Participant: 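Quick one: the structure is below, questions incoming.
As the structure is a prediction and not an experimental result, all values here were calculated from the model. Remember, it's 1-based here, ligands and their atoms both numbered in the order they're listed.
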Amino acid sequence: MYGLACRGSEGGARSILTEPFDAEEFRKHAHRMVDFIADYHRDIETFPVRSQVEPGYLKKLLPESAPDEPEALEDILNDVQSKIVPGITHWQSPNFFGYYPSNDSTAGFLGDMLSGGFGIVGFSWIASPAATELEMIVLDWLGKLLQLPNEFLSSGKGGGVIQGTASEAVLVVMLAARKRAVEKLTKDQGISEFEALGKLVAYTSDQAHSCVNKASQIAGISLENLRLIPTDASTNYSISPEILAKTVAADVRGGLVPFFLCGVVGSTSSAAVDPLSELGDICKEYGMWFHVDAAYAGNACICPEYRPHLNGVEKADSLNMNPHKWLLTNFDCSTLWVKDPTLLVAALSTNPVFLRNKQSDNNLVVDYKDWQIPLGRRFRSLKLWMVMRMYGSTGLRAYIRNHCNIAKHFEELLRTDSRFEIMAPRSFSLICFRLRPRANDPDKGYSLNAKLVEALNSDGNILITHTVLGGLYTIRLAIGGVHTKLQHVDAAWEVIKSQASNLLNE
Ligand SMILES: *Cc1c(COP(=O)(O)O)cnc(C)c1O
């Protein structure tokens, strides 16, 4: 019976049943899988960028229960090709311009593979010393490329850690800030922890990522105590220090306690950059934790010409950026640096008896379990290490600059066509634009531009997404894919122009 199930892989089932990780079988299958992935990348432009399936499509194609008998890899790969690939939106396509990019690369993939191959769970130093030590070293390397002050590095008093996502990075620093603020309040005012928590107020701009809102909810900061400071075109959607200072002062007069500010370098909508130095001064005055979220644009700051966008970071307590977005490191890899890791540990450490060990008890080592939400953690530093070694900082900078140059080129193309307008200044590789509506357009170009985006995406040639800036529907073209070249952006411009003509002639 399992002869049948194992068509095409002689003896496969037998060894899978007795030895799920047989080295020779693994070698054979993994080579097959590498070929499959290489072919996928080679052929990626033959697929519509946005998956064209309808919700629930897969249920109709797959059995209702798991198979009883082992199945052959070839049969499964056939299903991947015929049933899964149609439901994939091709993030690695050179014609993917949506959201922010997510980078796969050869080096990142190899590192990820190695991490999977070791299969360790490095929550404490003792659970795999290399995992902790390599992460500390690689985060120092990357911190130096970003010209972070020494205080953020493990060679200073701080340190870096790899989180899965920016959302987790923001949450853990908010929890550290909350712990510090609640302790101070209970001591100074003799109130309960519960009462103290109710007084805490967090601040960010209305352009901050929704993960700040989510972190507040998880941290028990009520939405009433999360201030989303309004921004507008007059500051290019960056936060105004004057408005922030006024809001904070009013809260203090009202008996509340400001404890946390998240500034943004490269907002999700338009890549706006907050004035870090001024924000840092306000935080200092009120004793607030200052976090900088640079998930996308932080990557560009490894180039000296973009580094000024991080000026003022020396006044921050913490900073995160996502190498998985734009630094050739396969998802997931979000790097977080803090000046005082003891505050993270104070908020997040647990010390159950089954994890106790000599090195931890004697404070000789970092145990990254105390710098994050979960206990278990992957050996993610391998992929970042491989990326930094196989491309070198010269290669990484060239990679970023190439995308920014292509973005500049697209911006110039846009300016040649008066039917379009640019909605926010371009600082990196994101362009925000829209089709100008007619003067009497009842919804100010909203449905016109929404139709344009839908027409482009359902065509399958390119994928783009949108935002709303100053109440106006805005198309975002984010450049940063590992396969994206100038010719792809030229081709995108052609399809955008032609769909725009179709719409305007309707
Ligand atoms: C993409 C992005 C995030 C969210 O990133 P995750 O890693 O998916 O949580 C947060 N902040 C900014 C500014 C972003 O651009």
Participant: Have a look at ligand 1 and work out which part of Tyr100, if any, has a heavy atom under 4.0 Å from it: side chain, backbone, both or neither.
Facilitator: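 It is the side chain that touches ligand 1; the backbone stays farther off.
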
Participant: What about His90 and Tyr40, are their ring centers closer than 6.0 Å?
Facilitator: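 Yes.
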
Participant: Kindly state whether the ring of Trp91 and the ring of Tyr99 have centres lying under 6.0 angstrom apart.
Facilitator: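 Yes.
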
Participant: Atom 14 (C) of ligand 1: which protein heavy atom is closest, and how many Å away?
Facilitator: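 Protein heavy atom with the smallest distance to atom 14 (C) of ligand 1: Lys325 NZ, 2.8 Å.
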
Participant: Is there a nitrogen or oxygen of Ala166 sitting under 3.5 Å from a nitrogen or oxygen of ligand 1?
Facilitator: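 It does: an N or O of Ala166 is found under 3.5 Å from an N or O of ligand 1.
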
Participant: Run the ring-centre check on Phe410 versus Phe97 and record whether the distance is less than 6.0 Å.
Facilitator: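 Not under 6.0 Å, so no.
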
Participant: With ring centroids as reference points, do Phe428 and His403 lie under 6.0 angstrom apart?
Facilitator: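 When the ring centroids of Phe428 and His403 are compared, they turn out to be at least 6.0 Å apart.
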
Participant: Write out the residue and atom name of the closest protein heavy atom to atom 11 (N) of ligand 1, then the distance separating them to 0.1 Å.
Facilitator: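 Looking at atom 11 (N) of ligand 1, the protein heavy atom closest to it is Asp293 OD2, 2.6 Å.
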
Participant: If we only count N/O pairs under 3.5 Å, is Asn322 in contact with ligand 1?
Facilitator: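 There is such a contact, yes.
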
Participant: Within a distance under 4.0 Å of any heavy atom of Thr268, pick out the atoms of ligand 1 and give their elements.
Facilitator: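 Numbered from 1, ligand 1 contributes 12 (C), 13 (C), 14 (C), 15 (O).
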
Participant: Would you mind checking which non-hydrogen protein atom is closest to atom 9 (O) of ligand 1, with the distance to 0.1 Å?
Facilitator: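 Here the nearest protein heavy atom works out to Ser167 OG, 2.6 Å.
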
Participant: Of Lys383, Arg380, Arg377, which is the lone residue that meets salt bridge (Lys or Arg N to Asp or Glu O under 4.0 Å) with Glu135?
Facilitator: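 So the option named by the test is Arg377.
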
Participant: Which atoms of ligand 1 have any heavy atom of His324 under 4.0 Å away?
Facilitator: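 By the 4.0 Å cutoff, the relevant atoms are 7 (O).
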
Participant: Kindly confirm or rule out a cation-pi arrangement of Arg476 over Tyr100, judged by NZ or CZ under 6.0 Å from the six-membered ring centre and within 45° of its axis?
Facilitator: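 Geometry flag: set, cation within 6.0 Å and 45°.
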
Participant: Please work out which of Met321, Gln163, His209 has its closest non-hydrogen atom nearest to atom 10 (C) of ligand 1.
Facilitator: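 Minimum heavy-atom distance to atom 10 (C) of ligand 1 goes to His209.
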
Participant: Provide the number and element of each atom of ligand 1 under 4.0 Å from a heavy atom of Gly266.
Facilitator: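 Reading through ligand 1 atom by atom, the close ones are 13 (C).
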
Participant: Determine whether the aromatic ring centres of Tyr296 and Trp326 lie less than 6.0 Å apart.
Facilitator: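 They qualify: ring centres under 6.0 Å apart.
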
Participant: Answer yes or no: is there a donor N or O on one side and an acceptor on the other, between the side chain of Thr484 and the main chain of Pro94, under 3.5 Å?
Facilitator: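 Yes, because the side chain of Thr484 sits within donor-acceptor range (under 3.5 Å) of the backbone of Pro94.
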
Participant: Please list, in number order, the atoms of ligand 1 under 4.0 Å from a heavy atom of Ala295.
Facilitator: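 Going through ligand 1 atom by atom, the ones under 4.0 Å from Ala295 are 2 (C), 11 (N), 12 (C), 14 (C), 15 (O).
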
